[in-house]
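Each ligand, and each atom within it, is numbered from 1 in the order the structure gives. Atoms considered below: every heavy atom in the structure, side chains included; atoms not considered: hydrogens, waters and symmetry mates. Sequential numbering from 1 along the given sequence is applied to the chain's residues.
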Amino acid sequence: MLKSVPGNGSRPPPDTGAAASEAGSRQEAGIGPHPASMQASIHASPADIDVGADLDARDILRDAMSHFVAMIEDSSVMAVLSFDRNGVVRLWNSASAALYQIATADALGKSMRELLSHPEREQEFSAVVQQIWDTGVPTMPAEWQVSTRGGRALTVYSTMLPVFRQGAVSQILCMDVDVTGRKQAEVSALMAREGHFHALFDSSADAIMQIEEARFLDVNPAAQKLFGYAEKPTLVGRFMEDISPPRQPDGKPSYEKARAMLRLAQQKGNHRFEWQYLDSKHEPFWCEVLITAIPIDHGPLLYAVVRDISKRKSDQQSLHLAAQVFQNSREAILIADRHRRIMSVNEAFTDITGFRPDEVIGKAPPMLRTGLHDPKFYRTIWDQLTASDHWQGELLGTRKGGPVYPQWLSITVVRNHRHQVCNYIAIFSDISERKATEDKTRHIAEHDFLTGLPNRLLLLDRLGQAIGAAERTSGQLAILFLDLDRFKSINDSMGHHIGDKLLQVVAERLKRCVRSVDTVSRQGGDEFVILLINPGGQAHAAHIAANVLRSLAMPCKIENYEIVITTCIGISIYPGDGKDIDMLIKNADLAMYHAKQSGRNGYQFFNDDMNLRIVERTSMENSLKQALAQGDFFLEYQPEIDIASGRIIGAEALLRWRHPELGLLSPARFIPIADDCGLANAIGNWVLTTACRQARVWLDDGMPMVVSVNMSVSQLRQKDLLQSVTDVLQQTGLDPKYLELEITEGILMGTDDRTVETMKALRKLGIKLALDDFGTGFSSLSDLKRFSIDKLKIDKSFVRDIGDDPDDAAIISAIIAMAKNMNLKVIAEGVETAAQLDFLQAHGCDVYQGYYSSRSLSPQNLARLRAPIDGQSLWH
Ligand SMILES: Nc1nc2c(ncn2[C@@H]2O[C@@H]3COP(=O)(O)O[C@H]4[C@@H](O)[C@H](n5cnc6c(=O)[nH]c(N)nc65)O[C@@H]4COP(=O)(O)O[C@H]3[C@H]2O)c(=O)[nH]1
């Protein structure tokens, strides 16, 4: 019997009354709500305590059960009794005996109906009891009128709980409190309070809705306002689901869910839950609802307090979103406390750094640990954070295990309402790939595609930096400007792929001539610039330049060609020759131009005279225009002698300019300028017309002679060359067979198909074509055929060295032999001695010209020279 359970801490006997004895089989028993829904309740019988592995847990449970049983027994206030499914009383404590004035011994084993009845509500009481048996769920505490076997009428406030055994309800436990004395007073008090309640109901800021049988019985003004209904009757009488969307956000139908919520409130006394309502405009909004069941008479009245939690919900949503962003961001996110210790990191952080959260939390952020950058750099970050609460930039980070990688980091300071720093949020991404792409792109943008050398852009950048450094350290720089000699001819004659390979060879050789601090760059075409850092004076720069010349002049084999390339170098020195990039490069270029003028394969330092010559060149451009208009040009003619007969068979027209200040000028000095400034065609036409007119005069005077006219680059490329030559012949009335056009080998190499066609057309007219300076370029036999050449003119540089250089002599004899084979005439120019002439004659050269026979002459002098000896050999 429970009654016999000893006090605190003492062990209960194995059989303690009916309820306990049933549990004595060491099976689980529970008192109160179903065990599954009330895990904190006592679910073990004292007998359970004898089994199980954990002794401490058993002791605790045993004590708890003992306390509970003792509490029931000792309770003088609360009558506690129980009965089984047959209605047989199993427990009847002393308070029950006192309340119902039936002794415990008398009550135990008797039928409940025998002892107590419920006037007028017996059926209801039976239904409640049955519900507990059926559901295992305790009922709401309720007041019952009770008549005892002895005829006493009482009002008790009774709570009925199921007692479980082996998961099934085995008894019902009733805890009854006598409220008979208080009943009347309470009713009066309740009535009094009713007025206050209504005042409260009406003035409450919270929406309150009174619910009876699932319908709104009454609603307060705050509820009307919340739902947006001006009239109370619009809400009253409606069900909860009437002002809700058909389904709640969890997908459950509002109707079913509303009923479940009401049921729960009734069962538990109150129930709090979140609900989505619709306002009068059918806009959904979130509320928190607290439904409280107030037992009044026969059935509970429910009060719902409804609070709009839309804001809280949207805040929650924002928080949820923020959490999603935090976790799913591809950028690493790190949150640190005000001491700069990591509080939280996301997955991307681990992905990027390799550190798991537990390895970094509580520590300093790995990317801000000093060591990879100068401490000053980190100080700047913190200084800026202090000043502006934000910093972003690129820096190096370390991955777990040490690898360093570049990252883009942005740090934001979070402050509280008192403006104190409370957190730091750092977001960063691994920019290794981006950097690699950037580096690649930058490399492409800054380097020459063909040779891989720095291009002009990078050179300018490096030069800018070098000037800055030299300025600070009073250092020196040297700029070497290179332009390959006759590169265009190689390119045109051997093909661009050979030209490209040659440029690559040149680039490699140039790199080998300098130190790693120096820069070799390709400016484009066949131009290269070398930047020497602190060259150690002019002498060293000259030494490098000489090395470059030597290195480039070494023959190189590309495919089947053995090529010797030379270059000209112009040198400017910082700071003497210029203090800025433009000036230094311009002056080196100018010096290079002068090096070219002085012959191939040489170098020149810049000097101020060069500038003077540039000034001269500019003024010459202006004078050339005037010269043409004022008739300051004239032609001289150098006779061309047939070697076999010694007769003058033709003359080369050579242009002369009597400059007002500079005197008589050679065409070599002004034709390139005329070509550059667009006057070459006008001058060329003048020469052609004058020479043809002269040839016609000679013809008319009985001295038929072929006149040779030099063609400049621009002239040859002139679109209407054929037309203008035809026009001139027409104007002057000269038979085309008396006209010969001289084209230098270098010019010819750069011609396109259109020019070739023009040349063929000219030849068809009867005009002869001679290839000037032959031997200096790279024309092949096929070129000669392609250009319809009649005559080769051996360059005077070969003729000059006939006696001294066996190579030149060999070249000349080879040229003559080749020309003969191809039925071409050969003329040698620059013949100054009898020996040279003898050599040429011995090797079968057809014609010659040179100081040995005559310098260039005026037309009258030439006529005078030719007339007396017409028909005779003069120079044999
Ligand atoms: N050392 C030496 N030199 C000799 C000897 N015989 C002749 N010369 C010079 O050699 C040059 C021969 O002309 P080029 O090779 O066609 O070379 C010419 C030609 O390419 C160009 N030129 C001359 N007249 C014209 C013209 O009307 N139009 C164009 N486009 N160019 C011209 O100017 C170049 C130079 O002409 P010039 O100064 O007149 O110089 C001429 C002539 O005076 C000799 O025995 N020894």
Side-chain angles (χ1 to χ4, degrees), residues 597 599 624 627-628 632-641 648 650-659 662-695 707-718 721 724-725 728 739-748 769-777 791-803 808 827-837 839-840 845 847-859 861-862 865 875:
Q597 300 286 300
L624 272 173
L628 196 60
D632 290 342
F633 291 121
F634 63 96
L635 294 182
E636 285 189 334
Y637 299 87
Q638 185 175 38
E640 294 179 354
I641 321 289
I648 299 173
E652 180 181 3
L654 294 165
L655 178 63
R656 302 288 178 254
W657 178 17
R658 190 168 287 113
H659 191 279
L662 302 172
L664 197 61
L665 296 179
S666 154
R669 192 145 164 211
F670 60 85
I671 285 288
I673 300 173
D675 256 330
D676 286 351
C677 68
L679 282 170
N681 289 346
I683 295 174
N685 271 345
W686 179 87
V687 172
L688 189 67
T689 313
T690 311
C692 288
R693 190 173 294 129
Q694 186 57 54
V707 68
S708 272
V709 175
N710 288 286
M711 304 290 288
S712 71
V713 188
S714 336
Q715 243 182 313
L716 193 68
R717 302 210 171 122
Q718 205 181 326
L721 178 64
S724 52
V725 173
V728 168
L739 176 63
E740 185 175 79
L741 298 177
E742 278 191 25
I743 299 148
T744 58
E745 196 185 6
I747 296 176
L748 200 61
L769 298 178
L771 194 57
D772 203 0
D773 301 342
F774 189 74
T776 56
K791 194 164 147 187
L792 298 181
K793 204 169 199 181
I794 301 172
D795 189 62
K796 56 181 173 291
S797 59
F798 296 107
V799 175
R800 187 182 57 215
D801 297 331
I802 281 175
D808 284 349
I827 175 169
E829 66 174 5
V831 178
E832 294 183 355
T833 64
Q836 288 166 347
L837 181 59
F839 179 90
L840 292 165
C845 182
V847 186
Y848 82 94
Q849 69 181 97
Y851 297 165
Y852 179 65
S853 60
S854 169
R855 287 182 177 259
S856 53
L857 305 166
S858 66
N861 285 343
L862 181 69
L865 192 65
W875 284 288

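- With hydrogens left out, the protein atom closest to atom 23 (C) of ligand 1 is Pro667 CG, 3.2 Å, a heavy atom.
- No heavy atom of Glu636 sits closer than 4.0 Å to any atom of ligand 1.
- Side-chain contact annotation: Asn710 with Gln715, donor-acceptor N/O pair under 3.5 Å absent.
- When all heavy atoms of Ala653 and Ala691 are compared, the pair lying nearest together is CB-CB, 4.1 Å.
- Neither the backbone nor the side chain of Arg669 has a heavy atom within less than 4.0 Å of ligand 1.
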Check the pair Asn685 / Gln718 against side chain to side chain contact (heavy atoms under 4.5 Å, CB included), numbers first and verdict last. CA-CA 11 Å; Asn685 271 345; Gln718 205 181 326; 4.1 Å; yes

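- At least one N/O-N/O distance between Glu829 and ligand 1 falls below 3.5 Å.
- The presence of a protein heavy atom under 4.0 Å from atom 46 (N) of ligand 1 is confirmed.
- Ranking protein heavy atoms by distance to atom 3 (N) of ligand 1, first place goes to Tyr851 OH, 3.3 Å.
- Residue Leu655 places at least one N or O, backbone or side chain, under 3.5 Å from an N or O of ligand 1.
- Neither the backbone nor the side chain of Asp795 has any atom closer than 4.0 Å to an atom of ligand 1 (non-hydrogen atoms only).
- Taking atom 18 (C) of ligand 1 as the reference point, the nearest protein heavy-atom neighbour is Leu654 CD2, 4.5 Å.
- Distance check on atom 40 (O) of ligand 1: every protein heavy atom falls at or beyond the 4.0 Å cut-off.
- Within the structure, the closest approach of Lys793 to ligand 1 does not fall below 4.0 Å when heavy atoms are considered.
- Close contacts between ligand 1 and Gly850 involve ligand atoms 6 (N), 45 (O) [criterion: under 4.0 Å to a heavy atom].
- For the pair Asp772 and Glu742, the tightest heavy-atom approach, listed with the atom from each and the gap, is OD2-OE1, 3.0 Å.
- For ligand 1, the atoms lying closer than 4.0 Å to a non-hydrogen atom of Ser666 are 38 (O).
- Shown here for Thr833 and Tyr852, the closest heavy-atom pair between the two residues is C-CD1, 3.8 Å.
- The side chain of Gln638, and not its backbone, has at least one atom closer than 4.0 Å to an atom of ligand 1 (non-hydrogen atoms only; side chain from C-beta on).
- Between Phe634 and Leu664 there is a side-chain heavy-atom pair separated by less than 4.5 Å.
- Considering backbone and side-chain N/O atoms, Gln715 never comes within less than 3.5 Å of an N/O atom of ligand 1.
- Nearest heavy-atom pair, Pro672 versus Pro667, reported as atom, atom and distance to 0.1 Å: CD-O, 3.8 Å.
- Within the 4.0 Å heavy-atom shell around ligand 1 one does not find Ser856.
- The salt bridge (charged side-chain N to carboxylate O under 4.0 Å, His left out) test applied to Arg658 returns no partner, not counting sequence neighbours.
- Interface of Val687 with ligand 1, defined as ligand atoms under 4.0 Å from a residue heavy atom, comprises 27 (O).
- Between Ile802 and Asp808 there is no side-chain heavy-atom pair separated by less than 4.5 Å.
- Residue contacts with ligand 1, taken as heavy atom pairs separated by less than 4.0 Å, involve Met711 solely via the backbone atoms N, CA, C and O.
- Of the protein's heavy atoms, Lys796 NZ, 3.2 Å lies nearest to atom 10 (O) of ligand 1.
- Considering each of Arg800, Arg656, Glu652, the one bringing a non-hydrogen atom nearest atom 43 (O) of ligand 1 is Arg656.
- With distances taken over non-hydrogen atoms, the option nearest atom 31 (N) of ligand 1 out of Leu716, Asn710, Asp773 is Asn710.
- Under a 4.0 Å heavy-atom criterion, Gln849 is not in contact with ligand 1.
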Decide side chain to side chain contact (heavy atoms under 4.5 Å, CB included) for Leu739 and Leu688; before the verdict, give the C-alpha distance in whole Å, the side-chain angles of both, and the deciding distance to 0.1 Å. CA-CA 9 Å; Leu739 176 63; Leu688 189 67; 4.2 Å; yes

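- Heavy-atom contacts of Ser712 reach the following atoms of ligand 1: 30 (N) (cutoff under 4.0 Å).
- Here Phe670 pairs with Phe633, Trp657 under the ring pair (Phe, Tyr, Trp, His ring centres under 6.0 Å) rule; sequence neighbours left out.
- For ligand 1, the atoms lying closer than 4.0 Å to a non-hydrogen atom of Glu832 are 1 (N), 2 (C), 44 (C), 45 (O), 46 (N).
- Side-chain N/O atoms of Glu740 and Ser708 include a donor and acceptor closer than 3.5 Å.
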Can you list the steps and then say if Asp675 with Ser714 is a side-chain hydrogen bond (donor to acceptor under 3.5 Å, both in side chains)? CA-CA 6 Å; Asp675 256 330; Ser714 336; 2.3 Å; yes

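- For the residue pair Glu636 and Ser858, the shortest heavy atom distance occurs at CG-N, 4.5 Å.
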